[in-house]
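Below: one structure, written as structure tokens.
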Amino acid sequence: MVRVTEFGEVVRYDIARDIAGRGRYWTTCYRVGSTLIDSGCSHAAVEFLRVLDGHPVDRILHTHCHEDHIGGSGALVRQRGSVDVVAHPECVAVLGDPRKRQPLHPYRRVMWGWPERVPSRALGDGDVVDAGPYRFQLLHTPGHSSDHLCFLEPERGWLFSGDLYVGGRDRALRSDGDVWASAASLRRLAGLQLRQLFPGAARVPDDARQALAGKVEYYDELADQIGRMHRSGYSIGAIASKVCGGPMLIEAVTLGHFSRRNLVRSVVRGLG
Ligand SMILES: [Zn+2]
């Protein structure tokens, strides 16, 4: 299932596997001219190709290696032939051999599916990709994943934030997520001159800088609250219930790969 929304020159694609006529576990990618930022999941790749019909695609910039962001690239590169695929060096390794480099939990295979191998080239923080009338500056922004990049179009004040920023308040985290690194990356982004923020999921916020600053503030409060409880001797589980609320369906579906406890653990690890 693919939904298309236009924000002036930026086209947003919300993509999900179609199960019984309903989209499940949505992911988001964007097109600016002939540049794609991420490519959705492999379960929806055929439909995404149809939606892209008639639009040139010269390059794909990947925010990070998760399968719901790289899964459409293989089919696209096979169909179009010459497409320049750019990613962080760690993501390039995954793109080269996803099954070996990024084994998927069962829930990830069901929701998004295995990506295909895709040849790509590595760039990193500070590099710039010229894309016709657009320029994309790469910002290494670890936290959600260690290979995470955001893409800044400085002249227009656009920021493509991938999964680093996907809305206001996190109640859970992947087991490999790092809240402290996310907060540091968001702090860096909050200092940029931005007009519009395009996240890798969730809605496009009305005020980009306010959204980023609000998220940083939320992480600060979270660290403060968790730190106080941890020093008072509360268990990880007790802190998770108090700070993040009651059990979440996603914790059961992912067998704990995405959970409130992971969020608390990540904060506690960085308390020193
Ligand atoms: Zn992700």
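Just so you know, ligand 1 is whichever comes first in the structure, and atom 1 is the first atom listed for that ligand. Everything numeric in this text was worked out from a predicted model, so none of it was measured.
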**OP:** Run the salt-bridge test on Lys215 and Asp170 with the 4.0 Å N-O cut-off and return the result as yes or no.
**Re:** yes

**OP:** Check which protein N, O or S atoms are less than 2.8 Å from the Zn ion (ligand 1) and report how many there are.
**Re:** 4

Original post:
Atom OG of Ser73 and atom CD1 of Ile60: how far apart are they, to the nearest 0.5 Å?
Top reply: 3.5 Å

Subject >> Residues Arg188 and Asp125 bridged, charged N to O under 4.0 Å >> reply: yes

**OP:** Without swapping roles, check the side chain of Tyr30 against the backbone of Pro199 for a donor-acceptor pair under 3.5 Å.
**Re:** yes

Subject >> Trp26 backbone acceptor or donor facing Asp14 side chain under 3.5 Å >> reply: no

Original post:
Salt bridge check: are Arg260 and Glu251 linked by an N-O gap of less than 4.0 Å?
Top reply: yes

